[in-house]
2 protein chains.
Amino acid sequence: MSTPVRILLADDHALVRRGVRLILDSEPDLTVVAEAGDGAEAIALARTERPDLAILDIAMPRLTGLQAARELSRLLPGIRILILTMYDNEQFFFEALRAGASGYVLKSVADRDLVEACRAAMRDEPFLYPGAVTALIRDYLDRAARGGELPARVVTEREEEVLKLVAEGHSSKEIAGLLFISVKTVERHRANLLQKLGLRDRLELTRYAIRAGLIEP
Amino acid sequence: MSTPVRILLADDHALVRRGVRLILDSEPDLTVVAEAGDGAEAIALARTERPDLAILDIAMPRLTGLQAARELSRLLPGIRILILTMYDNEQFFFEALRAGASGYVLKSVADRDLVEACRAAMRDEPFLYPGAVTALIRDYLDRAARGGELPARVVTEREEEVLKLVAEGHSSKEIAGLLFISVKTVERHRANLLQKLGLRDRLELTRYAIRAGLIEP
DNA sequence: CCGGAAATGGGTGGCAGTGCCCATTGCCGC
DNA sequence: GCGGCAATGGGCACTGCCACCCATTTCCGG
């Protein structure tokens with residue numbers, strides 16, 4: 001066997017990093033070479049360490065795991081990426097695939113699975129938990145029914161700013177003041193977000209932002 | 001040295017349980033004898049295993065860690081309890097103390113700390129992360145300033161029902177229909193919750209419910 | 001160069017949430 | 001028994017959110 005797979009591990013909870021590290025380091029073909037507590041740190045470490053594989057939590061400060069994944073794919077084209085998350089959610093699953101991830105593992109079900117996902121990623125095989133397969137098939141059928149256009153809907157930067165502030169509990173008037181724009185424009189961005197994400201009101205926007213790690217609960 | 005401390009570990013993420021177990025079992029004086037994925041399972045296992053120490057995550061399905069802690073203190077009076085959580089929040093810290101916990105450990109800072117907290121709990125010494133000490137002192141000063149009354153405000157069962165439904169995005173009318181009461185009564189419960197918890201609107205109630213593990217984001 | 005998307009701003013109307021006032025019933029503990 | 005608290009319900013007024021309509025400016029890519 002050749003040298004072990006060099007892994008970058010990013011999660012904002014030291015306890016989780018420690019546990020995952022113990023799990024991975026007990027496998028002879030896997031070794032954790034760097035740990036990051038947020039997305040920005042993950043990118044900085046990836047520049048110097050140049051790992052073979054990055055395991056990224058979605059909900060992290062500064063940069064989310066998905067944002068970090070996009071940046072890492074651009075920076076180190078050969079890198080493999082696994083997204084490790086609490087939430088079984090189609091939206092994030094497809095976002096992860098678009099961001100360059102080759103696997104998606106749930107914290108609630110993973111322990112042995114994580115090791116298998118690492119090996120699958122290095123063999124360039126996708127790793128999908130069972131629920132994700134269902135979502136993938138449903139999406140395929142949906143796209144076929146609609147004639148083949150791909151959704152690829154992405155929240156713009158400005159919209160994400162507004163999303164954060166809405167989810168933090170600011171009123172439209174407050175957000176307008178913070179961003180130096182009119183209340184109407186804030187409401188328009190919010191309406192676009194609701195429509196793009198298929199949500200109903202600012203309460204659902206809040207839950208979305210929490211799942212995405214954009215804000216702390 | 002006598003027999004190791006027998007520990008019950010409850011967290012809804014298998015990955016976290018696995019990691020924590022690896023950390024604890026590597027200490028000769030600590031051993032994990034049972035793992036639970038939710039609060040109800042934790043209580044059932046505690047009945048049969050009668051552990052010396054329970055480590056409980058706050059955010060769990062069925063029963064939260066705080067609810068489980070209250071029940072465990074009642075059921076097994078000698079048991080020591082550690083609350084292990086993502087959130088550095090005074091509200092939960094004091095709730096945990098009232099629920100019978102002798103320690104409060106943050107996932108974001110704990111790894112070595114967790115082992116120390118276990119040993120402190122078994123010596124009947126409280127374990128406090130630094131921020132908690134600050135909160136404790138501030139609370140002490142506040143109580144002294146107000147003349148010594150203790151807050152002890154607890155959300156009633158009915159209020160908790162309403163809290164969950166509000167946080168899940170149901171309107172007052174929907175909740176009224178689900179609970180067979182009038183819209184006005186729903187609004188009164190919600191208003192009482194806002195006042196008791198020191199929150200401003202249903203969006204903050206949602207974030208509170210998520211932190212408390214009452215609902216999933 | 002032209003079409004589309006992003007960002008900006010406006011008006012109108014309806015409904016929900018929230019605050020503040022009022023009340024009754026029933027239960028528990030001192 | 002009586003005081004307090006939980007749970008129930010109502011009225012009124014204000015504010016904010018959201019849906020639906022309208023528009024202009026800027027910039028990027030084919």
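Source: prediction; values computed, not measured. Atom set for the values below is all heavy atoms of this structure, side chains included, hydrogens, waters and symmetry mates excluded. All chains are named by letter (A, B, ...) in the order of the sequence lines, taking the proteins before the strands, and each is independently numbered beginning at 1.
- When rounded to the nearest whole Å, the span between CZ of A:Arg158 and C1' of C:dT8 equals 10 Å.
- Between C:dT8 and A:His189, a contact under 4.0 Å exists linking OP1 or OP2 to a side-chain N or O.
- Spacing between atom CZ of A:Arg188 and atom P of D:dC21 amounts to 11 Å, rounded to whole angstrom units.
- Distance A:Phe180 CZ to C:dG9 P: 12 Å, rounded to the nearest Å.
- As judged by a 4.0 angstrom heavy-atom cut-off over every strand, B:Arg202 is placed among residues touching the sugar-phosphate backbone only.
- When A:Ile55, A:Leu82, A:Asp52 are each tested for a side chain to side chain contact (heavy atoms under 4.5 Å, CB included) with A:Ile7, only one passes: A:Ile55.
- Residue B:Arg190 places its side chain closer to C:dG17 than to any other of C:dG17, C:dA16, C:dC22.
- Rounding to whole angstrom units, CG of residue A:Leu193 and C1' of D:dC17 are separated by 14 Å.
- Using a 4.0 Å heavy-atom cutoff across all strands shown, B:Thr185 reaches at least one base atom of the nucleic acid.
- Exactly one residue among A:Val162, A:Ile210, A:Leu194 makes a side chain to side chain contact (heavy atoms under 4.5 Å, CB included) with A:Leu205. That residue is A:Leu194.
- The nearest whole Å value for the distance from the CD atom in B:Glu157 to the C1' atom in C:dC28 is 15 Å.
- With distances taken from any side-chain atom of B:Ser182 to the nucleotides D:dG9, D:dC18, C:dA7, the minimum falls on D:dG9.
- Rounded to a whole Å, the NZ atom of A:Lys196 is 9 Å from the C1' atom of C:dA5.
- Checking each of B:Thr85, B:Thr64, B:Leu9, B:Leu72 against B:Leu56 for a side chain to side chain contact (heavy atoms under 4.5 Å, CB included) leaves exactly one that passes, namely B:Leu72.
- Comparing B:Thr156 and A:Leu199 against DNA chain D, the residue whose closest nucleotide sits nearer the 5' end is B:Thr156.
- Position along DNA chain C of the nearest nucleotide to A:Ile181 versus B:Val166 favours A:Ile181 as the more 5'-ward residue.
- Evaluation of atom-type donor-acceptor distances gives a pair under 3.5 Å for the side chain of A:Lys184 against the base of C:dG11.
- The structure places CZ of B:Arg188 at 13.0 Å from OG of B:Ser172, a figure rounded to the nearest 0.5 Å.
- Computed from coordinates, the B:Glu187 CD to D:dA7 P distance equals 17 Å when rounded to whole Å.
- As rounded to whole Å, 10 Å separates atom P of C:dT18 from atom CD of B:Glu204.
- Set against D:dA19, C:dC22, C:dG9, the side chain of A:Leu194 has D:dA19 as its closest nucleotide.
- Considering CD1 of A:Ile43 and CG of A:Leu63, their distance stands at 5.0 Å, rounded to 0.5 Å.
- Note on A:Asp201: only backbone sugar-phosphate atoms sit closer than 4.0 angstrom, heavy atoms only; bases stay farther off.
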